[in-house]
Amino acid sequence: MPSDAAPVPWTENSAHRRHQESLIAVLWHSRQLIGYLALRDIRLRYRQAALGVVWVLVQPIATVVVFTFVFQRLAGVDSEGLPYPLFALTGMLAWTYFSNATSRASEVLVGNPNLVTKVYFPRLAAPAAGLLSPVVDLAVSSVLLAILAAYYGVWPGWNLLAAPLWLLWLLATTLGVGLWLSAINVRYRDVRHALTPILQLWLFASPVAYSASALSGWEDLIYSLNPVAGIIEFGRWSLLGAPWPGSSLLVSACTSVFILVTGLAYFRRAERSFADVI
Amino acid sequence: MDRIELDGVGKRYLVGDQKSAREAITDGALRLIGRRRSDASSEFWSLRDVGFTVGDGEALGIIGRNGAGKSTILKIITRITSPTTGTSRTRGRVAALLEVGTGFHPELTGRENIFLNGAILGMSRRDILSRFDDIVEFSGVQRFLDTPVKRYSSGMGLRLGFSVAAHLEPDVLVVDEILAVGDAEFQRKCLGRMEEAEKEGRTVVFVSHDLDSLTRICTRGLWLEAGRVRETGTPKELVREYLTSSLVSEHTGAALISAGPVAVHSTRVMAKGRPVESALLREDTLTIEVDFELTEHVPDFDIAIYLTSNRAVRVIDETLRDSGGPRFTPGCYRARMDVPPILNVGEYSVGLWCGPASGGRAFIDEPAVASFTLNGSDRARPSRAVVLDLPIQVETL
């Protein structure tokens with residue numbers, strides 16, 4: 001029943017932008033919706049797939065096998081004193097998440113146009129949900145990483161305590177990129193075509209298969225502008241006890257914050273016309 | 001308490017093809033160096049300076065022709081899109097029923113879809129759990145709850161979708177033309193649920209071409225014409241006026257209505273065997289003609305002609321498929337229907353529906369493309385719509 005108690009505040013839909021809820025507040029208020037959207041994604045991915053979750057492991061394992069052959073056996077790259085497969089898998093973990101989640105987030109609005117044109121919900125929930133379902137893959141792959149680490153006898157130290165921070169950094173960066181891509185994609189479907197080559201280049205611009213520790217000075221600074229570079233190096237330090245990557249992390253972190261803040265601002269501006277242009 | 005308040009609301013759309021990324025970049029660059037201005041001629045105002053308020057327990061029915069801005073108003077009230085000018089405010093929980101089963105995924109089971117759709121419509125997990133049994137019962141799909149929705153009949157899918165929405169218990173319920181889909185049973189349930197909502201003191205905003213239901217449910221009417229409020233009033237009076245105002249009966253040149261692949265060029269109502277201009281009498285056989293053009297190939301194109309009396313009763317509703325029409329290729333056509341002299345005197349509107357026979361959204365559903373008055377004696381029975389003079393036989397038992 002409609003409540004007759006204290007007057008309910010007006011919700012406004014105005015030509016002028018007024019105060020908006022913060023990112024955290026929006027995510028919190030729509031947490032159940034985000035959960036159900038992510039759950040739908042996860043269910044759909046493994047429904048009628050006999051091997052189910054095994055498929056999650058295929059991509060990182062296959063890539064690591066190839067990388068081990070090409071980069072270690074043939075090119076003999078340095079792996080910061082770690083067993084190469086372990087080194088590459090850690091990078092692959094973050095990278096697989098990043099690339100899967102950004103592709104998913106970029107498609108989530110244009111893939112469900114009726115969600116945008118027929119019903120109102122906080123639009124931020126859609127890319128956020130796109131981010132959530134690949135977390136399952138990340139968790140499964142982490143188990144694989146733990147097994148591999150045990151096999152090589154690499155034990156994490158107190159660095160492991162920083163792992164949640166690593167995860168948060170990864171999620172925040174992916175959200176930033178995802179917000180940009182999902183909002184641009186609504187207007188310009190070019191995103192769909194551009195994303196595959198961009199991610200391919202991005203993979204090799206990130207220290208997944210090789211170590212960037214040889215870089216220094218200006219080169220290092222420019223290289224570190226890639227936020228994924230910082231995330232991967234921080235992850236190796238935290239999860240495997242690789243050497244501390246140093247101040248270049250700060251550069252990567254700044255880029256991450258920049259992408260998230262601008263992505264959020266752009267999304268917020270663009271979401272007002274999503275229903276008109278999708 | 002007021003629940004909805006619109007103040008000077010306008011909505012502008014840019015018409016024409018969407019710009020590609022390349023064009024956007026070159027345009028932006030040109031504008032930056034002052035070589036190009038934005039093009040005002042490609043604008044289209046779907047709404048202009050619309051203002052009204054709706055309070056608790058009120059049901060507002062919005063009527064107007066195709067493209068009058070009805071759907072845009074609903075989208076602004078429900079915050080799906082934002083206005084270009086002015087402000088729309090709502091108080092309390094707003095539920096939009098612009099489509100049944102938004103977010104339904106065919107691969108998911110009925111149960112999974114209930115939770116997903118509920119969450120999309122703004123229900124919390126607890127809300128859904130506490131109403132789950134009611135939702136399932138109302139939908140009547142108990143046995144198929146754990147079957148993927150792709151194996152449902154379309155009617156079952158609709159019922160399940162509507163059932164979730166019907167249990168939202170919002171303060172403001174916004175409904176757009178959902179009655180156009182689904183069978184009679186479904187429509188009856190929908191209408192019943194809306195009447196219930198209104199009796200419970202909720203606010204309802206309702207858009208429908210089914211003027212009869214609209215008059216029954218709504219307490220107030222709003223008539224939109226070309227994006228502006230033309231008139232407000234009691235639904236009965238408004239509908240009557242709306243129906244009799246209709247578009248010019250004889251019209252040449254630009255299309256009367258153009259929507260999707262169909263353009264309606266003219267409509268005519270005449271007494272069979274007499275000049276077009278002459279008055280229509282009770283005992284005339286009427287000929288209704290609709291000239292239309294199909295610009296694309298629509299494999300299962302279907303057209304329906306219906307008559308609505310000024311009391312908003314749909315007296316006649318015939319579709320071409322029922323009589324086995326031709327296969328339509330692009331071109332110009334004239335549809336003609338003869339109505340035998342069965343109607344009582346009074347004012348009538350000619351309605352036109354065009355769409356795919358297999359169901360789905362109609363291209364055109366316009367209850368008043370033409371109107372006419374039947375003159376003559378009603379033989380003291382003004383309330384009857386149809387006069388057949390069927391003989392009644394009486395036997396002694």
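Order of the sequence lines fixes the chain letters, A, B, ..., with proteins taken first and strands second; residue numbering starts at 1 for each chain.
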Contacting moiety of A:N114, where chain B heavy atoms sit under 4.5 Å: both
Part of A:I184 within contact of chain B (heavy atom distance under 4.5 Å):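 When you check distances to chain B, no heavy atom of A:I184 falls under 4.5 Å.
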Given A:W10, A:F274, A:Y36, the one with more heavy-atom pairs under 4.5 angstrom with chain B than any other is A:W10
[X] bridged to [Y] by N-O distance under 4.0 Å:
X	Y	result
B:R193	B:E196	yes
B:R91	B:D2	no
A:E107	A:R192	yes

Against chain A, work out which of [options] has the most heavy-atom pairs shorter than 4.5 Å and name it.
options	answer
B:P83, B:A96, B:A119	B:P83
B:M123, B:R125, B:R79, B:R93	B:R79
B:H105, B:E5, B:E112	B:E112

Which of B:I73, B:V205, B:L98 passes side-chain contact (heavy atoms from CB on, under 4.5 Å) with B:D176? It is B:L98
Parallel, tilted or perpendicular, as decided by the 30° and 60° cut-offs, for the rings of A:W202 and A:F98: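 Correct class here is perpendicular.
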Apply the salt bridge (charged side-chain N to carboxylate O under 4.0 Å, His left out) test between A:D276 and each candidate in B:K75, B:K11, B:R12; give the one that qualifies.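 Testing each of B:K75, B:K11, B:R12 against A:D276, the sole residue satisfying salt bridge (charged side-chain N to carboxylate O under 4.0 Å, His left out) is B:K11.
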Which answer fits [X], side chain, backbone, both or neither, if we ask what part of it has an atom under 4.5 Å from a heavy atom of chain A?
X	answer
B:S88	both
B:T109	both
B:F115	both
B:S124	both
B:T84	backbone

Backbone N or O of B:G8 within a donor-acceptor pair of the B:T85 side chain at under 3.5 Å? yes
List the atom of B:G157, the atom of B:Y152, and the distance in Å for their closest heavy-atom pair. N-CD2, 4.0 Å
Write out, in numerical order, the residues from residues 115-132 of chain A with a heavy atom short of 4.5 Å from a heavy atom in chain B.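 Counting heavy atoms that sit under 4.5 Å from chain B, the residues of residues 115-132 of chain A involved are A:L115, A:V116, A:T117, A:K118, A:V119, A:Y120, A:F121, A:R123.
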Could you name each residue pair satisfying side chain to side chain donor-acceptor pair (under 3.5 Å) that touches residues 23-32 of chain A, not counting sequence neighbours? A:E21-A:H29
